[in-house]
Amino acid sequence: SGTGYGNAYTFTADGLTVSVTAWGLTGSCGTTFQTAAVARTASGLGSCNRGEGASCTGNSPRVDNNSQLEFLLFQFSSPVTLKQIVLDPGGTSFDRDVSYWVGNVAGPLSGIGLSGLAGLGFGSRQDVLNSAGSSALTLSLTGSDVTSLLFGARAALSPSTAEDDRFYIRSLTDDLPVAVPEPGTLIVLGAGLLAMGLGSRQRACSGIRN
């Protein structure tokens, strides 16, 4: 695991390894990816981007699109078929729109923008719109025979588009349904299943998200 920008949580069970890293669209005035810090909380996994600091507190550890876009990247050691993801706003009512990409990725995200994801091996962007709420939300995922999932708060159509989607990622499953463990754990269960129970600052760049 470790701490700070570029840290990773890695879990192995039944021959499958899952590595989770955090990324923020914080480079080049909010247009390119930089490493962020994975934040593990009682509500799930979140992210601290470079605009928030590597040890962000309060609402900041949530994956969000407030000022900067944030994502968690899940990389599997062998292909999986994704089924569901559970989002948890941490007991506070937030909007929960998401954007995600699946594929078979070769190469780091550092220095590229959203338009460069296809060149790394990701498929097309998937958007799912959801209402605001304070309870956990289960979403279906589209992704068969893939080794990578990049999942984040909804990517706005332009930097000026107002967004305020925030959540932790509580669990991620493939097509083998099992019970989610008690909060405070983060484990791999069976082939292809990862179960997790575990405000951004403005920058001096023109045209960035505020």
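Basis for what follows: all heavy atoms, side chains included, without hydrogens, waters or symmetry-related copies.
Side chain of Arg125 to backbone of Ala155: a donor-acceptor contact under 3.5 angstrom is found. For the pair Ser60 (side chain) and Glu52 (backbone), a donor-acceptor distance under 3.5 Å is absent. A donor-acceptor pair is defined here as one N or O able to donate and one able to accept, closer than 3.5 Å; no such pair exists between the side chain of Asn104 and the backbone of Gly121.
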Margin query: Does Leu120 form a side-chain contact (heavy atoms from CB on, under 4.5 Å) with Ile112? I'd like the steps, not just the answer.
Written below: CA-CA 10 Å; Leu120 291 183; Ile112 70 167; 3.3 Å; yes
Check: Yes or no on side-chain contact (heavy atoms from CB on, under 4.5 Å) for Arg50 and Tyr5, after CA distance, side-chain angles and deciding distance?
Finding: CA-CA 8 Å; Arg50 290 173 183 258; Tyr5 302 131; 3.7 Å; yes
Next item on the list: Start with the C-alpha gap between Val18 and Thr10, add the side-chain angles, then the distance that decides, and say whether side-chain contact (heavy atoms from CB on, under 4.5 Å) holds.
Entry: CA-CA 6 Å; Val18 186; Thr10 302; over 6 Å; no
Next item on the list: Kindly determine whether Leu141 and Gln84 satisfy side-chain contact (heavy atoms from CB on, under 4.5 Å), including the steps that lead there.
Entry: CA-CA 5 Å; Leu141 293 175; Gln84 292 179 334; 5.8 Å; no
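Asn49 and Thr26 share no donor-acceptor pair across their side chains, judged by distance under 3.5 Å alone. No hydrogens or angles considered: a donor-acceptor pair under 3.5 Å links the side chains of Asp165 and Asn65. At a cut-off of 3.5 Å, with distance as the only test, no side-chain donor of Arg62 or Thr41 sits close to an acceptor on the other residue.
Summarising the geometry, atom OG belonging to Ser148 is positioned 9.0 Å from atom CG belonging to Leu109; distances are rounded to the nearest 0.5 Å. Note that CD1 of Ile169 is 7.0 Å distant from CG of Leu45, once rounded to the nearest 0.5 Å. For the atom pair CG (Leu87) and CG (Leu137), the distance works out to 5.5 Å, reported to the nearest 0.5 Å. Taken from CG in Asp64 to CZ in Arg154, the straight-line distance is 15.0 Å, to the nearest 0.5 Å. Atoms OG1 and CG, on Thr32 and Leu114 in that order, are 10.0 Å from each other to the nearest 0.5 Å. Here the CG atom belonging to Leu172 is positioned 9.0 Å from the CZ atom belonging to Phe151, to the nearest 0.5 angstrom.
For the pair Val146/Leu82, a side-chain contact is recorded, criterion being any heavy-atom separation below 4.5 Å from C-beta on. Between Ser134 and Thr92, the closest side-chain pair of non-hydrogen atoms is not below 4.5 Å.
Nearest approach of Val38 to Tyr9, heavy atoms of both residues: CG1-CD1, 3.5 Å. Taking all atoms of both residues into account, the shortest heavy-atom contact from Asp127 to Ser99 is OD1-OG, 2.5 Å. The two residues Gly24 and Ala36 come nearest to each other via the heavy atoms N-CB, 4.1 Å. The two residues Ala37 and Gly4 have their closest heavy-atom pair at CB-O, 3.5 Å. For the residue pair Pro89 and Gly133, the shortest heavy atom distance occurs at CG-O, 3.4 Å. Among all heavy-atom pairs drawn from Thr35 and Gly6, the shortest one is CB-N, 3.7 Å.
Under the 6.0 Å cut-off for aromatic ring centres, Phe33 and Phe71 qualify, their centroids lying closer than that.
Leu139 is connected to Phe74 through a chain of hydrophobic side-chain contacts under 4.5 Å among Ile, Leu, Val, Met, Phe, Trp and Tyr, so both are in one cluster. Note: the hydrophobic cluster containing Leu117 also contains Trp23 (ILVMFWY, side chain heavy atoms under 4.5 Å, direct or indirect links).
Looking at Leu72, Leu150, Val128 one by one, the single match for side-chain contact (heavy atoms from CB on, under 4.5 Å) with Tyr100 turns out to be Val128.
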